[in-house]
Amino acid sequence: MTGSLLRTPLADWHSAHGGRMVDFAGWSMPVQYGSIVAEHQATRQAAGLFDVSHMGRLRLTGSGAEAFLDRMLTRQVAGMAPGKIRYSLVCNEDGGILDDVLVYCLQSRGRVDYYLLVVNASNRDKIYHWLLKNRKTGEEVNIADSTIETAMIAVQGPKAIGFVQPLATADISALTYYTGGEMNVCGAAAIVSRTGYTGEDGCELIVPSEIAATVWKQVLAHGQPSGAMAVGLGARDTLRLEAAMPLYGHELSEQINPIQAGLSFAVNLEDRDFIGRNALAAVKQNSPTQVRVGLELSGKRSAREHYRVFAGGEPIGEITSGTFSPTLQKPIAMAYVPPQHSAAGTELTIDIRGTTEHARIVSLPFYKRAS
């Protein structure tokens, strides 16, 4: 590992507590502390703490911010009420996905509306410069990258809210899914949202970098007696895969559009224009040639990215993500295949290092928490 990697405000804590640090999108990040399965199960049963400070955080202000974002994102931003959060995509003119993002509509203490875009770490610079490139002359939009001066901590699991609540000045349980707002956390101004990337309930905290370690330690102190633990990138991936949440660079890329990715809910075509709209309207009308599906494998071996998928001995697609599911106790995977092979129950085969493995299409998500 080189010294050129970016470090989150929690990097020293990770190293001191057994985190195995790896290069992830140019950041030094913990892939695991001990057992990935134990960290996965702690999140499903109690709570997991995730350092997601590597995710980009772009703040947009100005009278033109709403109209600008409505033009940049596939999901409608115009009319968003303060406190609302939406999952959306940034596309190029051909409809290819530049990134998947969360857009927050928020109010500061002075009651001035602003927007926050949370973007993938690997796409932070790309999206920042894409926004700058597409800002029109004279458009009243200020775009600031607040990634370095803040930290982002995800607390996920059925007991997560209870472990965070003692630190906050407002009632976090009053937040509904995909809402958030400003409140004090450990005495400092923070943003708390009811969002996550695991399929569990929980929240994400954006706090000043200087108090990140204090927040992390206090949440952990509240949660450890009930089974909470720090969780690395390894379990974050198995959790999101069970929840069938797409990952940029795997299920999403500039060669994939939102329709084939199964993300039509995040594409609002009616009565608005945005970059990539016409291309996506054409895909929707003509149907995509490949669609994202879920697969359960009959054996014990996991299918990995780029393994080929076959129907009747003919290659029809490839795996984008695969793992052994700690919750389901079987191998699962996501792949892109032609629509005619995408129905639940369809039997396919996968080439796993020269050996044929049987698989069956299943409905997504693989795992859904009890409501």
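Along the sequence shown, residues are numbered consecutively beginning with 1.
Relative ring orientation between Phe265 and Tyr87 is described as parallel, the plane-to-plane angle staying below 30° on a 0-90° scale split at 30° and 60°.
Under 4.0 Å is where a charged nitrogen must lie from a carboxylate oxygen, and between Lys159 and Asp201 no such pair does. One finds a salt bridge joining Asp12 and Arg7 here, because a Lys/Arg side-chain nitrogen approaches an Asp/Glu carboxylate oxygen to under 4.0 Å.
Between Glu242 and His40, the side chains place a donor N or O and an acceptor N or O closer than 3.5 Å (distance only, hydrogens not considered). No side-chain donor-acceptor contact under 3.5 Å links Ser173 and Gln165. Of the N and O atoms on the side chains of Gln156 and Thr198, at least one donor lies less than 3.5 Å from an acceptor on the other residue.
Put simply, the side chain of Ile143 reaches to within 4.5 Å of the side chain of Phe68, judged on heavy atoms. Contact check for Met152 versus Val118: side-chain heavy atoms found under the 4.5 Å cut-off. Counting heavy atoms from C-beta outward, Leu247 and Leu252 have side chains that stay 4.5 Å or more apart.
Here the closest heavy-atom approach between residue Ala230 and residue Leu220 is recorded as N-CD1, 4.0 Å. Between Ile148 and Ser209 the shortest heavy-atom distance is O-OG, 2.9 Å.
The structure places CZ of Arg353 at 8.5 Å from CZ of Arg304, a figure rounded to the nearest 0.5 Å.
For the pair Arg44 and Tyr367, the cation-pi criterion (under 6.0 Å, within 45° of the ring axis) is fulfilled. In this structure, Arg59 is positioned above the aromatic face of Tyr114, its NZ or CZ under 6.0 Å from the six-membered ring centre and within 45° of the axis.
Within 6.0 Å of the NZ atom in Lys126, the count of heavy atoms belonging to other residues, nucleotides or ligands exceeds 12.
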From CA spacing to verdict: ring pair (Phe, Tyr, Trp, His ring centres under 6.0 Å), Trp216, His17: CA-CA 13 Å; Trp216 180 273; His17 290 81; 9.4 Å; no
Determine whether Arg75 and Val103 satisfy the following criterion, side chain to side chain contact (heavy atoms under 4.5 Å, CB included), listing intermediate values before the conclusion. CA-CA 9 Å; Arg75 193 84 174 265; Val103 55; 5.9 Å; no
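Judged by distance alone, with hydrogens and angles left aside, the side-chain atoms of Asn257 form a donor-acceptor pair with the main-chain N or O of Gln260 at under 3.5 Å. Listed for the Asn134 side chain is a donor-acceptor partner under 3.5 Å among the backbone atoms of Trp130.
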